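Report on one structure; see the data block that follows.
All chains are named by letter (A, B, ...) in the order of the sequence lines, taking the proteins before the strands, and each is independently numbered beginning at 1. What you see is a predicted model; the values in this text were computed from it and never measured.
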Amino acid sequence: MVSLTVNGSPHQIDADPATPLLYVLREELALNGAKYGCGLGQCGSCTVVVDGEAVLSCMVPIMLLEGREITTIEGLGTIDEPGPLQQAFIELQAAQCGYCIPGMMMSAHALLRRNARPSEEEIREALTTNLCRCGTHMRILAAIRRAGELMQAASLPAADQGRAG
Amino acid sequence: MRALRVAIGIAAVIFVAAAAFLLFAWRSEVPEDTAAAEARFAPELVAKGAQLAALGNCIACHTVPGRPAFAGGLALPTPFGTIYSTNITPDRETGIGGWSEAAFERAMREGVDREGSHLYPAFPYEHFTRVSADDNRALYAFLMTRVAVKAEAPENDLPFPLKFRPLLAGWKLLFLDSGEREPDPGQSDAWNRGRYLAEGLGHCGACHTPRNPVGAEDRDRHFGGGEAEGWQAYAINTESKAPIPWDEQDLAFYLRNGWHEFHGVSRGPMAEVTGNLAFLPDSDIAAIATYVRSIMGAPTPEREQRAAQLREAFEGQRPEQAADSQRSPVSASGGQPGEAIYLAACASCHEGERRQPFGGLNFELSTAVNAPNPQNIVNVVLFGLPPADGEASAVMPAFRYLLDDQQVADLLAYMRERFSEEPPWAGLVEQTARTRSGTYKVAVRPSDGIERAPHHVGAEED
């Protein structure tokens, strides 16, 4: 048994401790936001956030995650109440096929927690490990800038959220 | 009275000695050449200079990543303090725009700037002194036709006595063996060409030869392994730890392509070197390989025997098949902690069937795991290999957010025990902690050598 905390909820997982987190999220917890892309840690579609940092869930065995705070895209908001990143991606229609988008958003989430006003260069740097085959990068970049604005405008500034987490 | 006379005598001797030393250390100023920056050069000469500048890897030290090329200002940490590279663009005020060719040639040969000041040996004139006058002319033509950039390098951060540049004349007297070398008639043309390139502009020894306490290369341990920018530069003499000894073809392939199936991918500062060597013709790459291979000597029969087994096991006949985490080979339950981490997090790529340069290197082939110092594996585990911009490149995810210092230490201890016959590494937890915190500085670069990382990208800096 491995205990995992995902989006604030504790779970007891009955799986081989070597199992990559991605499979546990999708198959045990029905959190299907994180996607299986390459399985090699090269495409970024499986990105989730662990203790505030973007990591590739297809590469991470769950035995390394006990006692740590895992956030997936489902933790950023709901359909009725989308979080600022989700709202910005909807507003700017940043998804084409959408397969890479949860990974993009989680990399962006890790970045914006640290810095709600990243420069263009900082955004690109944070997303170097996320590939998009449709080529919607310009909209994705715009949505991340917009999300930063929404976070700043919100009552709880992004920087404080970062500290709270 | 007598004591006073003795004191005066001693003072006089010191004074004369100091005066003699200053005279010895003094170098004349080469007059400013006000027309130098406007000079025109034959395009062929400039093109040749571009190749030579790539061989010299000039851009690596003389450029701050993300800033204009050759404008200097890059901080070079040394055991003695921080030295900042100079602006070598043809700007008259802050660069070498006022330098005549004679001044440039003197800098390369003797390590003295146009004004007559001694340069610190961070500028590897121990090697550049071997460069021919023709090649210096081409280099000069190339640099003087770059875009002039006004950029003043920050002042060096060195303790007092070392700020006094005339002292460097003493250093040179002890360690600088200046001037070109005669070709060795007992060796082939390729070998002689290779020695000229590797020992001269290529300055391989600047990283791959260990240095003595005053920062000069230890000639008795030529190519015996050194360090650069937080990375171990492996021994490339008889002490090489490569499980499959390098042969000439493998070495040439590696220098040409930045990877080899039996040796892995170049990374850290070597990635820049192999990136830059792309500008050189195949014949020069082959010549460097011939020369360096000759320094490595013939492997022992035991090494050869082991290498034959490894070659057979790893020769490129495996099916091109993607390894991925769905084919995670073994369960990680049980065993020591390092083993469990290795099997769960590393083995799926590093024991997968995906070939170099995009698959993980099997550690049976790894020089790093056999090296006396584990720094390169520490660096790669923590910071990974970042992807190159806009092209396919070898990548590895960084594990710094997933493994704590103890876990990295456990992992490395396991790998050392399993994949190497060398003794265990000591102090792994502390070494990992120092690297993670940035106390020990590491330049992290993509494997294609584009110097994109503006600072120690991996460190948790405030």
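The neighbour count for A/R133 CZ, taken as heavy atoms of other residues, nucleotides or ligands under 6.0 Å away, does not exceed 12. More than 12 heavy atoms of other residues, nucleotides or ligands sit less than 6.0 Å from atom CD of A/Q12. Around atom CZ of A/R139, no more than 12 heavy atoms belonging to other residues, nucleotides or ligands sit under 6.0 Å away. For CE of A/M138, the number of neighbouring non-hydrogen atoms (other residues, nucleotides, ligands) closer than 6.0 Å is 12 at most.
Between B/A344 and A/M63, the shortest heavy-atom distance links the atoms CB-CE, 3.4 Å. Closest non-hydrogen pair, A/G41 versus B/P397, comes out as O-CG, 3.8 Å. The nearest pair of heavy atoms linking B/P387 to A/T128 is CG-O, 3.7 Å.
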Please test A/L65 against B/L402 for side-chain contact (heavy atoms from CB on, under 4.5 Å), starting from the C-alpha separation and ending with a verdict. CA-CA 8 Å; A/L65 298 170; B/L402 293 165; 4.1 Å; yes
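Ranking A/V50, A/I62, A/V60 against chain B, the residue ahead of the rest is A/V60, based on heavy-atom pairs under 4.5 Å. Among the candidates A/T19, A/D51, A/L64, the residue making the largest number of heavy-atom pairs closer than 4.5 Å to chain B is A/L64.
How far CD of A/Q42 is from CE of B/M396: 11.5 Å, rounded to the nearest 0.5 Å. Distance check: A/M59 CE to B/S348 OG gives 5.5 Å after rounding to the nearest 0.5 Å.
For A/R68, the part sitting under 4.5 Å from any heavy atom of chain B is the side chain, from C-beta outward, and nothing else. At a 4.5 Å heavy-atom cutoff, A/L22 makes no contact with chain B through either its backbone or its side chain.
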